[in-house]
Trainee: 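There's a structure below that I have some questions on.
Keep in mind the model is a prediction, meaning the values are calculated, not measured.
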2 protein chains.
Amino acid sequence: MSEVLLPEVTVEVPPEGLSITEVSRATGIGVEALRYYEREGLLLDPTPRDAGGRRRYREGDLAWIGGLVMLRETGMSIADIRLMADLCRREGTERERLELLTRHRERVLAELRRTQRHLHAIEAKITSYEAVTT
Amino acid sequence: MSEVLLPEVTVEVPPEGLSITEVSRATGIGVEALRYYEREGLLLDPTPRDAGGRRRYREGDLAWIGGLVMLRETGMSIADIRLMADLCRREGTERERLELLTRHRERVLAELRRTQRHLHAIEAKITSYEAVTT
DNA sequence: GTTTGACCTGTAGTGCGCTACAGGTGGCAC
DNA sequence: GTGCCACCTGTAGCGCACTACAGGTCAAAC
């Protein structure tokens, strides 16, 4: 079975899991950043280890990391992601999770709209330069 | 005459210009940041001063700052904005300015599309939580 | 058995973009 | 003339999110 990590990324996860370097390559997150996220409590639970103490990421770990990437890349702070992880560890916190996500969505939407406005202005400038440089 | 600073912000600029605090309020940029931008060579030319050495921003200064805000808020680095300012001080650099802007537009567009993809995923999650918490 | 290399922990350092003083000046209000 | 306040310069400090060691372990490769 293969795991949909991000809309544009799919990974095959063998039964023994993936090494940290493999996850890094699949997600685009650096190895040090992956360890940092774990240290900071951003993962749902500590990554399972093999006999030698090395991290082995399973499908569930990958799924969570996929979500984490989306939150990070849309600008959610480390502190808020930790909050989300803390909530997801406790049952009956669905309402709070929903609130956190909803507030995040509002911020992302506002930022998206602002960027689009600015983009239009930038494109107008580009057009005027194109007229000059032809 | 009133100046269109940003698509959503218009300022009345008196003939003697605006003080740094007034510009700060109009643009949302902090006073310290405005001084920092000037120090870093992000302004087209040093802001004109009154007899006492205080900055007095005129329409032209405001127009440039409006553009600067758009570049910053779409994620252009301080270094690249300085580059743009350097180019705009020299004539015959229109082609380079166009290139810089075009590369920036590509980055902004890519980021915008990624954010939109992530937003869809976040909204799907929100929907599923809404189903649970009703 | 030793070399190689990927991994580990713990801690210190980095880059960016501000932000916060400290210490001083200029001009108006009273 | 003395408060007071907004402004000035110069420099130091900060918050965030990593990133880079140093020094060590473990397992397979030779």
Trainee: Can you tell me how far C1' of C:dT25 sits from CG of B:Asp50, to the nearest Å?
Mentor: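 Those two atoms, CG and C1', are 12 Å apart.
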Trainee: Please report, rounded to the nearest Å, how far the C1' atom of C:dA6 is from the CG atom of A:Leu18.
Mentor: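 Whole-Å distance recorded here is 15 Å.
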Trainee: Between A:Asp45 and A:Asp61, which heavy-atom pair has the shortest distance, and what is it?
Mentor: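 Looking at all heavy atoms of both residues, the closest pair is OD1-OD1, 4.1 Å.
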Trainee: Between the side chains of A:Glu91 and A:Arg97, is the shortest nitrogen-to-carboxylate-oxygen separation below 4.0 Å, so that they form an ion pair?
Mentor: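 No, this pair does not count.
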Trainee: Exactly one of A:Asp50, A:Ile20, A:Leu18 should register a side-chain contact (heavy atoms from CB on, under 4.5 Å) with A:Arg56. Which one does?
Mentor: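 Looking at A:Asp50, A:Ile20, A:Leu18, the match for A:Arg56 under the side-chain contact (heavy atoms from CB on, under 4.5 Å) is A:Asp50.
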Trainee: At their closest point, which heavy atom of A:Ile29 faces which heavy atom of A:Ser24, and how far apart are they?
Mentor: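 That closest heavy-atom pairing would be O-OG, 2.7 Å.
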Trainee: Could you check how far CZ of A:Arg49 sits from P of C:dA6, rounded to whole Å?
Mentor: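 Result: 18 Å.
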Trainee: From CD1 of B:Ile81 over to C1' of C:dC16, roughly how many Å is that when rounded to an integer?
Mentor: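 Between C1' of C:dC16 and CD1 of B:Ile81: 13 Å.
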Trainee: Using a 4.0 Å cut-off on protein heavy atoms (strictly under), produce a 5'-to-3' string for nucleotides 17-30 of chain D with B for base contact, S for backbone-only sugar-phosphate contact, and - for none.
Mentor: BBBBB----B----
Trainee: To the nearest Å, how far apart are B:Ile20 CD1 and C:dT19 C1'?
Mentor: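 Taking CD1 of B:Ile20 and C1' of C:dT19, I get 13 Å after rounding.
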Trainee: Would you kindly give the CZ-to-P distance between A:Arg56 and C:dA6, to the nearest whole Å?
Mentor: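 Rounding to the nearest Å, CZ of A:Arg56 and P of C:dA6 are 13 Å apart.
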Trainee: Are the charged groups of A:Arg25 and A:Glu22 less than 4.0 angstrom apart, N to O?
Mentor: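 Result for this pair is no, no salt bridge flagged.
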Trainee: For A:Glu32, which residues count as a side-chain contact (heavy atoms from CB on, under 4.5 Å) partner, sequence neighbours excluded?
Mentor: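 Once residues adjacent in sequence are excluded, the partners of A:Glu32 under the side-chain contact (heavy atoms from CB on, under 4.5 Å) criterion are A:Arg35.
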